[in-house]
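Reviewing the structure listed below.
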There are 2 protein chains.
Amino acid sequence: MANLAEVSPKTVSNVVNGYVHVSPVTRKRVQRAIQELDFRPNRSARNLRRGSTGIIGIIVPELPMSYFAELSRQLLMAVEEHGRTLLIEQTLGDRRREEAVIDHLGDRFVDGVVVSPLAPHGRAFAGRADMRFVFIGERPSGCSADYVGIDNVAAAREAVTHLVRGGRRRIAAIGIQPEPCTGTPLLRHTGYRQALAAAGLPVDSRLEKGTARYHLREGAQAMRSLLEEPDAPDAVFCFNDALALGALRTLHERGLRVPDDVAVMGFDDFEAAEFSTPNLSSVASDKAAMARSAVRLLLERIDVPDRPAREILIGHTLRIRESTEGGLS
Amino acid sequence: MANLAEVSPKTVSNVVNGYVHVSPVTRKRVQRAIQELDFRPNRSARNLRRGSTGIIGIIVPELPMSYFAELSRQLLMAVEEHGRTLLIEQTLGDRRREEAVIDHLGDRFVDGVVVSPLAPHGRAFAGRADMRFVFIGERPSGCSADYVGIDNVAAAREAVTHLVRGGRRRIAAIGIQPEPCTGTPLLRHTGYRQALAAAGLPVDSRLEKGTARYHLREGAQAMRSLLEEPDAPDAVFCFNDALALGALRTLHERGLRVPDDVAVMGFDDFEAAEFSTPNLSSVASDKAAMARSAVRLLLERIDVPDRPAREILIGHTLRIRESTEGGLS
DNA sequence: GTGAAAGCGCTAACAC
DNA sequence: GTGTTAGCGCTTTCAC
């Protein structure tokens with residue numbers, strides 16, 4: 001005990017935790033002792049006693065995907081505003097790892113968790129009534145937990161409508177997920193089809209490309225596959241920016257001009273969208289607002305565990321850049 | 001206690017921790033009880049008792065910089081191999097936040113920390129004899145802690161030599177840091193100058209551009225500033241890939257061809273380098289190996305706190321792509 | 001305003 | 001092979 005050095009057993013605690021009723025003299029004395037012994041309260045002990053850790057977790061698929069990295073930074077700042085620490089975990093899109101992570105975090109190790117799952121995942125949370133969590137951006141199907149996100153259907157519809165207005169008629173989509181999926185990819189797919197329908201354009205399943213992941217490589221590959229079809233598209237709507245940049249690369253390799261021959265639209269508006277050649281039109285969402293809302297929701301739930309689930313929708317904006325600029329000649 | 005349900009007080013502990021000397025019958029009984037009560041050992045209590053948390057921290061400037069995101073993923077996997085958890089913290093390049101993070105992690109909250117500081121920072125570790133840490137990629141000047149990195153001088157020299165071999169004569173550098181800096185930027189600057197010297201090329205300080213950060217925006221800006229000089233460069237060596245992609249963008253805007261008019265070389269070889277237009281030559285390092293080495297070093301240090309500091313250098317490779325392909329005509 | 005003592009939930013020595 | 005017990009370092013009633 002640090003008090004051996006000077007005075008008392010719990011007056012130390014009072015000082016450390018900034019209690020009011022400590023005489024200035026005693027406080028000074030204790031502070032000097034703390035300095036001298038370079039005393040640091042043991043976090044594990046404090047956590048045990050307090051029954052909470054002050055840590056908010058975030059679970060993302062993988063940080064090297066810009067969207068999740070950006071989300072993590074915004075969340076760090078949001079969590080910091082409330083004096084909490086952020087613990088970042090990655091599932092690497094792996095179901096086994098996802099379960100391990102949840103299990104890990106579940107052991108009263110974090111006060112709550114913000115989860116940004118991949119669409120086909122996230123089901124592992126169902127059984128965890130003991131955990132406080134809120135989903136951000138994406139949520140597992142049929143899950144009635146707190147949620148913060150954007151209106152994906154509307155956003156996708158607006159993006160594709162923008163392509164239609166530019167005179168595009170054969171508009172492809174990259175990033176479709178196979179049937180059982182009901183998350184964001186399905187919503188964006190739905191918005192895409194709504195926009196086509198509104199424009200009186202037919203659905204052509206050869207223009208709808210699925211991808212295993214949402215990385216650059218898969219975008220490039222999907223674009224190659226689109227160009228092998230007899231009737232090439234004159235526009236591509238990609239479900240995220242990485243896919244779009246990959247598509248851009250393929251178009252460049254094939255000698256097609258963007259946007260003259262093919263327009264390309266992304267989603268998420270990451271930093272690199274502004275600097276690619278040509279730079280990329282995309283759907284921007286206010287990630288700082290999403291992060292703040294998610295943290296607020298989570299803290300409320302920690303406070304009142306049985307509060308009914310809520311859902312917050314954040315606005316989005318179309319950012320038009322060179323990759324879709326100007327209509328078809 | 002879960003044993004109320006069935007049997008014993010610490011036999012539970014034995015079962016949970018996979019001890020050997022437990023009769024199969026008892027084990028079954030306990031496991032059933034655990035199932036039934038959905039029992040989860042309290043991590044804080046375990047940590048307190050054990051005196052360690054099994055958590056390895058990593059401190060990076062910010063995750064949205066691809067290099068650090070990739071490092072975090074590699075570190076996650078390396079740490080996982082040893083049954084540890086990774087806790088990621090971001091300083092956002094802010095000195096105040098850096099100190100807060102260190103203080104936070106210091107309270108016996110992590111068993112050790114891998115630190116990837118920005119060059120001008122990282123000094124806050126000096127006074128923390130109580131913490132176990134290893135530096136990765138970068139280290140504060142005059143610090144004799146464990147370190148894993150690459151030979152930055154040699155890597156930069158090779159990169160610039162490659163430009164020289166392509167017939168480039170006015171080779172600029174982007175990413176220089178102001179004088180007091182002694183870290184990676186200085187090493188790359190040194191390698192750059194060595195290559196120039198070896199080729200008999202003069203140093204031209206107007207070709208050496210500093211940047212406040214290492215983001216796309218700063219790269220674009222530095223390139224603009226280079227093009228305002230009377231004698232434009234015929235090649236640019238950027239201290240990371242984001243700067244290089246930013247430079248690429250500016251060159252495109254000014255109607256200059258890459259690599260015909262100007263060759264561009266990056267550093268770090270992030271995923272996007274392969275997919276830009278034109279795609280980007282860069283210096284690749286084995287980040288998985290760096291992460292593994294860092295974790296090994298750290299675990300050793302946790303084990304033997306007063307072991308002399310060690311230094312591990314990881315190999316690097318030049319990845320030549322379109323942005324520097326072919327010599328000057 | 002300050003000290004004494006109990007206990008958070010777990011683990012490891014030790015006895016049986 | 002299993003039960004008993006003490007104690008990790010802190011916080012917090014409760015007396016004084």
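Below, all heavy atoms of this structure are taken into account, side chains as well, without hydrogens, waters or symmetry copies. The sequence lines fix the lettering, A, B, ..., with proteins before strands; numbering per chain opens at 1.
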Quiz prompt | NZ/NE/NH1/NH2 to OD/OE distance under 4.0 Å, E81(A) and R292(A) | solution = no

Exercise. Grab the CG-C1' distance between L48(A) and dG7(D) for me, whole Å please.
Key: 12 Å

Self-check item: N240(A): side chain to side chain donor-acceptor pair (under 3.5 Å) partners, not counting sequence neighbours
Solution: none

Quiz prompt | Residues forming a side chain to side chain donor-acceptor pair (under 3.5 Å) with Q31(B), sequence neighbours excluded | solution = none

Quiz prompt | Rounded interatomic separation in angstrom, taking CZ from R46(A) and P from dG9(D) | solution = 15 Å

Quiz item: dC10(C) P sits how many Å from I34(B) CD1, rounded?
Solution: 10 Å

Quiz item: Within this structure, what is the CZ-to-C1' distance between R50(B) and dC10(C), rounded to whole angstrom?
Solution: 9 Å

Practice problem: With sequence neighbours left out, write down each residue that passes side chain to side chain donor-acceptor pair (under 3.5 Å) with S116(B), or none if nothing qualifies. | Solution: none

Practice problem: Would you kindly give the CZ-to-P distance between R43(B) and dT11(C), to the nearest whole Å? | Solution: 11 Å

Quiz item: Can you find a side chain N or O atom of N14(A) that sits less than 4.0 Å from OP1 or OP2 on dT2(C)?
Solution: no

Exercise. Look at the side chain of T11(B) and decide which nucleotide, out of dG9(C), dG9(D), dT2(D), has an atom nearest to it.
Key: dT2(D)

Self-check item: 5' priority, DNA chain D, between P24(B) and R49(B) [closest heavy atom]
Solution: P24(B)

Quiz prompt | Of the listed nucleotides dT11(D), dT2(D), dG1(C), the one nearest the side chain of V22(B) | solution = dT2(D)

Quiz prompt | Terminal helix-axis angle for the helix from dG1(C)-dC16(D) to dC16(C)-dG1(D), with five pairs defining each axis and rounding to 10 degrees | solution = 40°

Quiz item: Nearest to the side chain of S23(A), which nucleotide is it out of dG1(C), dT11(C), dG9(C)?
Solution: dG1(C)

Quiz item: Between dG9(D) atom P and N47(A) atom CG, what is the distance in whole Å?
Solution: 14 Å

Quiz item: If you check the P41(B) side chain, which of dG1(D), dC10(D), dC10(C) turns out closest?
Solution: dC10(C)

Quiz item: Do D38(B) and R40(B) sit within salt-bridge range, that is, some charged N less than 4.0 Å from a carboxylate O?
Solution: yes

Practice problem: Tell me which nucleotide among dG3(C), dC10(D), dC10(C) gets nearest to the side chain of F39(B). | Solution: dC10(C)

Quiz item: Among the nucleotides dT11(D), dT11(C), dC10(D), which one has an atom lying closest to any side-chain atom of S13(A)?
Solution: dT11(D)

Quiz prompt | By side chain to side chain donor-acceptor pair (under 3.5 Å) - contacts of T91(A) (at least two apart) | solution = none

Quiz prompt | Residue pairs fulfilling salt bridge (Lys or Arg N to Asp or Glu O under 4.0 Å) with at least one residue in residues 44-69 of chain B, sequence neighbours excluded | solution = R73(A)-E62(B)

